Amino acid sequence: MALDPQQLQQAAKDHLWMHFTRHASYREADVPVIVRGEGAYIYDSNGKRYLDALAGLFVSQLGHGRTDLAEAAAKQAEQLAFMPLWSYAHPSAIELAQRVANYAPGDLNRVFFSSGGGESVETAWKLAKNYFKMVGKPMKHKVLSRSIAYHGTTQGALSITGLPGLKQQFEPLVPSTFRVPNTNFYRAPEHVSDDLEAFGRWAADEIAVAIENEGPETVAAVFLEPVQNAGGCFPPPPGYFERVREICDEYDVLLVSDEVICAFGRLGHMFGAERYGYQPDMITCAKGITSGYAPLGAMIASDKLMEPFQADGAMFAHGYTFGGHPVSTAIALANLDAFENEKVLENVRSNEDAFRSTLERLKDLPIVGDVRGDGYFYGIELVKDKATKETFTHEESERLLYGFVSKQLYAEGLYCRADDRGDPVVQLAPPLICTQEHFDEMEQILRVVLDKAGSLL
């Protein structure tokens, strides 16, 4: 028996433990309850419409309400609802593995399915350590990742994450992870602040410095997103990944491209590595592989990394009950069919310049310091002083983002993210079907809210 709206509210407050949620904020206020979606829009339990400018959580590439994906799920569930990939296989996992491998760059031909992004990152780190043990380099186990980068919430993925505020309450975490600079050119060190390529070279070379400091014989992998999410969408400078690849080859370190957000069209290509022209040893992905119609993730590895596990008696002793779930993989196949039939990647590439220029209109507001990103993945950094790039104190960020901006954007009909992981930013990552009318709607709502936010300072 379905609950009415009032019963839903009470049940949400009494029983539902929401993720990354300050539950005290709903003591007196209603919990937002989203009941349906259609295209680029979602609707709450009161019937109000919102533009989904975050694609759920960087997930809903094709938008909401797709009957073709729902039908693919139903058809597969009727035929085979569940089968694990533990020494057995099923057709949709096999077909999807082949298809993903064909999209992936170079010799990334081996696809290990998981239930989501954090599990994919865990898989990549475990594979890196296991691989080096099997090839006679058992000391190589450490991981490098970038400052402020987010790689997941499981114990291993959280250890790789570069956000102290998300980690402290769960320490001690898995040891042997170390931080290198990110590619936020807006906050570049003074000695490279006026030269994007020099900044990129410096940031990449700092990876070599960290490897030397830890001892090359102990470093297994470096985890990098094509465009770093946390902190507000940091694209790579020209030449950055080319130099990182050289460093990884020099020190026999695996380059893991964490594409949980960036894969499957977010940057106008199936994989961000393709957009920026670099060859990783592994790709981690999830989210857009099914456009959110079911949970699924994957770790894609090179043939070289698979080779030791093909010896007699060898096994990668790792797996997940729901990794490569038949319904999820069937949906992913239908999702990728739609990508090709509806030219989704082409839509992103043909509209990304218009998206950028529409958001850049907001730079006339005193509170908007920087607009950055690529494809359909953008961050707007908010500043206290545009001339000096002075940011807000923690208390000011609390009042600005959580006390006003986040609530007001939602009240105005825009679902996106206002966050202070790093500096205060508003993030936008709409469904890949969006066009100029949606960009204009985002800009108009943002302008009203950010203009008002600036006046409240």
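Remember, it's a predicted structure, so these values are computed and weren't measured experimentally. Residue numbers count from 1 along this sequence.
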N/O donor-acceptor pairs under 3.5 Å from side chains in residues 34-42, not counting sequence neighbours:
{"from": "Tyr41", "atom 1": "OH", "to": "Glu441", "atom 2": "OE1", "distance (Å)": "2.6"}

**Study point:** Leu85 and Phe113, any side-chain heavy atoms less than 4.5 Å apart
**Key:** yes

Check your understanding: Is the closest side-chain heavy-atom distance between Leu108 and Phe271 below 4.5 Å?
Key -> no

Exercise for review: Give me the ring orientation class for Phe199 and Phe185: parallel if the planes are under 30° apart, tilted from 30 to 60°, perpendicular past 60°.
Suggested key: tilted

Practice item. Say whether, by atom type as modelled, one donor and one acceptor occur between the side chain of Ser120 and the main chain of Ala298 under 3.5 angstrom. Key: yes

Exercise for review: Measure from the side-chain N and O atoms of Ser145 to the backbone N and O of Ile160, and report whether any donor-acceptor pair falls under 3.5 Å.
Suggested key: yes

Exercise for review: Report the C-alpha distance between Tyr240 and Tyr278 in whole Å, list the side-chain angles of each, state the deciding distance to 0.1 Å, and finish with yes or no for ring-ring contact (aromatic ring centres under 6.0 Å, His included).
Suggested key: CA-CA 10 Å; Tyr240 173 81; Tyr278 65 95; 8.8 Å; no

Review point. Does the side chain of Thr177 pick up a donor-acceptor pair with the side chain of Ser159 at under 3.5 Å?
Key: no

Exercise for review: Run the numbers on Leu382 and Val425 for side-chain contact (heavy atoms from CB on, under 4.5 Å), then give the verdict.
Suggested key: CA-CA 6 Å; Leu382 309 181; Val425 293; over 6 Å; no

Check your understanding: Can Glu122 and Thr154 be counted as having a side-chain donor-acceptor contact under 3.5 angstrom?
Key -> yes

Exercise for review: State, yes or no, whether a side-chain contact exists between Leu428 and Met442 at a heavy-atom distance under 4.5 Å.
Suggested key: yes

Review point. Just by distance, do the side chain of Glu396 and the backbone of Leu400 share a donor-acceptor pair under 3.5 Å?
Key: no

Check your understanding: Any salt bridge between Asp281 and Arg245, counting N to O under 4.0 Å?
Key -> yes

**Study point:** Lys/Arg cation over aromatic Phe404: Arg399, 6.0 Å, 45° cone
**Key:** no

Check your understanding: Is it true that Arg275 and Glu352 have a side-chain N and a carboxylate O under 4.0 angstrom from each other?
Key -> yes

Check your understanding: Can the ring centres of His318 and Phe112 be said to be less than 6.0 Å apart?
Key -> yes

Practice item. Could you check Val256 against Thr284 for side-chain contact (heavy atoms from CB on, under 4.5 Å), going step by step and ending with a plain yes or no? Key: CA-CA 7 Å; Val256 183; Thr284 56; 4.1 Å; yes

**Study point:** Pairwise side-chain contact, Val227 with Leu267, heavy-atom cut-off 4.5 Å (strictly under)
**Key:** yes

Exercise for review: List the steps, then state whether side-chain contact (heavy atoms from CB on, under 4.5 Å) holds for Thr435 with Asn347.
Suggested key: CA-CA 8 Å; Thr435 55; Asn347 183 66; 4.0 Å; yes

Study note, to complete from the structure: d(Leu224 CG, Asp258 CG) to nearest 0.5 Å is 9.0 Å

**Study point:** His90 versus Ser92, side-chain donor and acceptor atoms under 3.5 Å
**Key:** yes

Point to revise | Side-chain donor or acceptor of Thr161 paired with backbone N/O of His151 under 3.5 Å | key: yes

Study note, to complete from the structure: For Val348 and Gly265 the tightest heavy-atom approach is CG2-O, 3.7 Å

Exercise for review: Please examine the side chains of Thr321 and Phe82, heavy atoms only from C-beta on, and report whether any two atoms are closer than 4.5 Å.
Suggested key: yes

Practice item. Can you label the angle between the Tyr276 ring and the Phe241 ring as parallel, tilted or perpendicular, going by 30° and 60°? Key: parallel

Point to revise | Expected output: side-chain Arg146 to main-chain Gly162 donor-acceptor under 3.5 Å | key: no

Review point. Would you say the side-chain atoms of Gln427 pair up with the backbone N or O of Asn229, donor to acceptor, closer than 3.5 Å?
Key: yes

Practice item. Determine yes or no for a side-chain-to-main-chain donor-acceptor pair under 3.5 angstrom, with Ser257 supplying the side chain and Ala273 the backbone. Key: no

Exercise for review: Determine, using ring centers only, whether Tyr376 and Phe439 are less than 6.0 Å apart.
Suggested key: yes

**Study point:** Backbone N/O of Cys233 and side chain of Tyr378: donor-acceptor pair under 3.5 Å
**Key:** no

Practice item. Report yes or no: is the cationic atom of Lys287 (NZ for Lys, CZ for Arg) under 6.0 Å from the centre of the six-membered ring of Phe264, at an angle within 45° of the ring normal? Key: no

Exercise for review: Using a 4.5 Å cut-off on heavy atoms from C-beta on, say whether the side chain of Met282 contacts that of Trp125.
Suggested key: no

Exercise for review: Indicate yes or no: at least one non-hydrogen side-chain atom of Val368 is less than 4.5 angstrom from one of Ile380.
Suggested key: yes

Exercise for review: Say whether Ser193 and Glu190, considering side chains only, have a donor N or O and an acceptor N or O under 3.5 Å apart.
Suggested key: no

**Study point:** Any donor-acceptor pair under 3.5 Å from Thr21 side chain to His19 backbone
**Key:** yes

Review point. Should we count CD of Gln279 as having more than 12 external heavy atoms under 6.0 Å?
Key: yes

Point to revise | Test: Arg66 and Glu342 ion pair at under 4.0 Å | key: yes

Check your understanding: Do Phe234 and Tyr186 have ring centroids that are under 6.0 Å from one another?
Key -> no

Exercise for review: State whether Arg356 and Asp374 are salt-bridged, where the test is any N-O pair (Lys NZ or Arg NE/NH1/NH2 against Asp/Glu carboxylate O) under 4.0 Å.
Suggested key: yes

Exercise for review: Check whether more than 12 heavy atoms from other residues, nucleotides or ligands sit under 6.0 Å from atom NZ of Lys75, and answer yes or no.
Suggested key: no

Check your understanding: For Glu119 and Ser115, does a side-chain donor sit closer than 3.5 Å to a side-chain acceptor?
Key -> yes

Check your understanding: Is there side-chain contact between Leu127 and Met299, with heavy atoms separated by less than 4.5 Å?
Key -> yes

Check your understanding: Thinking salt bridges, do Arg447 and Asp440 make one under a 4.0 Å N-O criterion?
Key -> no

**Study point:** Pairing of Arg22 and Glu398 as salt bridge, 4.0 angstrom limit
**Key:** yes

Practice item. Could you tell me the separation between the CD atom of Gln436 and the OG1 atom of Thr358, rounded to the nearest 0.5 Å? Key: 4.0 Å

Point to revise | SB check Arg99 Asp337 (cutoff 4.0 Å) | key: yes

Exercise for review: Please check if any side-chain donor atom of Thr183 sits under 3.5 Å from a side-chain acceptor atom of Gln228, or the reverse.
Suggested key: no

Point to revise | Candidate pair Tyr26 and Met18, rule side-chain contact (heavy atoms from CB on, under 4.5 Å), full reasoning | key: CA-CA 11 Å; Tyr26 296 124; Met18 292 179 284; 3.9 Å; yes

Exercise for review: State plainly whether the residues Arg187 and Glu381 are in salt-bridge range, i.e. N to O under 4.0 Å.
Suggested key: yes

Point to revise | Centroid separation Tyr43 to Tyr50 less than 6.0 Å | key: no

Check your understanding: Under the 3.5 angstrom rule, does the side chain of His325 hit a backbone N or O of Ala81 as a donor-acceptor pair?
Key -> yes

Check your understanding: Got a sec: does the NZ of Lys48 have more than 12 other heavy atoms crowding it under 6.0 Å?
Key -> yes

Practice item. Evaluate the side-chain hydrogen bond (donor to acceptor under 3.5 Å, both in side chains) criterion for residues Thr290 and Asn335: first the C-alpha distance (whole Å), next the side-chain angles of each, then the deciding distance (0.1 Å), finally the verdict. Key: CA-CA 6 Å; Thr290 65; Asn335 181 53; over 6 Å; no

